[in-house]
Amino acid sequence: MTVESTAARKPRRSAGTRKSPSTQPELVQLLTPEGKRVKNVEYDKYVADITPEELRGLYRDMVLTRRFDAEATSLQRQGELGLWASLLGQEAAQIGSGRALRDDDYVFPTYREHGVAWCRGVDPTNLLGMFRGVNNGGWDPNSNNFHLYTIVIGSQTLHATGYAMGIAKDGADSAVIAYFGDGASSQGDVAESFTFSAVYNAPVVFFCQNNQWAISEPTEKQTRVPLYQRAQGFGFPGVRVDGNDVLASLAVTKWALERARAGEGPTLVEAYTYRMGAHTTSDDPSKYRADEEREAWEAKDPILRLRRYLEAANHADEGFFAELETESEGLGRRVREAVRAMPDPDRFAIFEHAYADGHALVDEERAGFAAYQASFADGEGA
């Protein structure tokens, strides 16, 4: 498998038509789909000092993140994971924003931010424990300032806002970033977090990855205006960035984080991108999405876009790409071996921490479960 493989089958049939991406409002772009660098007066300064080595690093991040994601998808298909939420197509938005963060910034993700986790130094194998059912996350959030994955849609934006309000009161100059999708933008928790962050001038960046589809619901079924414009109603700025452009995602996020650290309050960043795979491995996008739509977005692939730029600028040679291919395959093997070596979870762990001081009902349930488990040893439950 090549490092640029999309690692997902195309939908088998067309499923209707939608508004063409070309008709959407303008967005911040520094790198075209053809890999050409374009100027932007407002945001160029945030990537003006980026080196060829750093550009290769961004490319490596995206390639390895995609390889990890492809391996996780394969593992689920083979019964090794219960479920997997792929980030296929969203690598630039996640790597660009993730590399804009400082170590002391804090991240509140959903369940698809595998690229951001990579940028925060979370071992990718730790992301898989929850999807295999062996733990509730697998890492210490405070070790990497990267919170555990959040399954409840949109709730992490409130957590991020509260945390941001807290560090502001503590006098820290760090920032907080909350990730969510276009589907979560319709949740009341997100609107509430916008209200509180604006009123209390919280140092938080709301990073919405608009991948066009909230499971099977297109964005135009959720909003009559572009998502970034919602920020205006709450009194803080919003900006739409080309989410398939890693340089633009990096620059815009740096700008938003600097605003937050300077005490200028929240920002909404809408990364306009596309989910090239299924919502999760339990989903079949061919039932609601047209082949032509996906094909149009494949031409804007974030990894291919940066590779074209690296090659045109002579910032990378074939040796670099070959070494990365080898590294990519090694990562895939490591992930597969790590998942299969994960121990079975403690069956009684579900009763721990349900109450701070214990509870008679939980004790009763634990005893009943123990008796049930014992029945298998006796042959009664077989």
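Computation of the quantities below employed the complete heavy-atom set of this structure, encompassing side-chain atoms and omitting hydrogens, waters and symmetry-equivalent molecules. This chain uses plain numbering: 1 for the first residue, then up along the sequence.
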Using side chain to side chain donor-acceptor pair (under 3.5 Å), reason through Asp69 and Trp84 one step at a time and then give a plain yes or no. CA-CA 9 Å; Asp69 182 69; Trp84 184 247; 2.9 Å; yes
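- Through ILVMFWY side-chain contacts below 4.5 Å, Val152 is grouped with nothing and stands alone.
- In this structure a side-chain-to-backbone donor-acceptor pair under 3.5 Å is missing from Asp245 to Asp242.
- Membership of the apolar cluster around Met165 extends to Phe196, Val199, Tyr200, as traced through chained side-chain contacts below 4.5 Å between ILVMFWY residues.
- At a cut-off of 3.5 Å, with distance as the only test, no side-chain donor of Glu217 or Tyr288 sits close to an acceptor on the other residue.
- Gln222 and Ser186 share a donor-acceptor pair across their side chains, judged by distance under 3.5 Å alone.
- Figure legend: cation-pi geometry between Arg240 and Tyr272, with NZ or CZ positioned under 6.0 Å from the six-membered ring centre and within 45° of its axis.
- Applying salt bridge (Lys or Arg N to Asp or Glu O under 4.0 Å) to Arg336 and the options Glu329, Glu80, Glu71 leaves one that passes, Glu71.
- Closest heavy-atom contact between Val362 and Ala354: CG2-CB, 4.3 Å.
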Verify side chain to side chain contact (heavy atoms under 4.5 Å, CB included) between Leu250 and Tyr46, making sure each step is shown before the conclusion. CA-CA 8 Å; Leu250 175 66; Tyr46 294 98; over 6 Å; no
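- For the residue pair Asn210/Thr273, the side-chain donor-acceptor check at 3.5 Å is not satisfied.
- Side-chain atoms of Glu113 and Gln209 form a donor-acceptor pair, as typed in the model, at a separation below 3.5 Å.
- Counted by atom type alone, Arg275 and Gln212 present zero donor-acceptor pairs between their side chains at under 3.5 Å.
- Residue pairs meeting the ring-ring contact (aromatic ring centres under 6.0 Å, His included) criterion with at least one member in residues 331-352, sequence neighbours excluded: Phe348-Phe369, Phe351-Phe369.
- For Trp118 and Asp61, the side-chain atoms include at least one donor-acceptor pair closer than 3.5 Å.
- Shown here for Thr161 and Ser193, the closest heavy-atom pair between the two residues is OG1-CB, 3.4 Å.
- Ile153 is linked by a side chain to side chain contact (heavy atoms under 4.5 Å, CB included) to Tyr111, Ala184, Gln187, counting only residues two or more places apart in sequence or in another chain.
- Chaining together hydrophobic side chains whose heavy atoms lie under 4.5 Å apart places Phe194 alongside Tyr106, Phe108, Tyr163, Ile167, Val176, Phe180, Val190, Val204, Phe206, Phe234, Phe236, Leu268.
- Under the side chain to side chain contact (heavy atoms under 4.5 Å, CB included) criterion, Ala271 pairs with Ala93, Phe207, Val241, not counting sequence neighbours.
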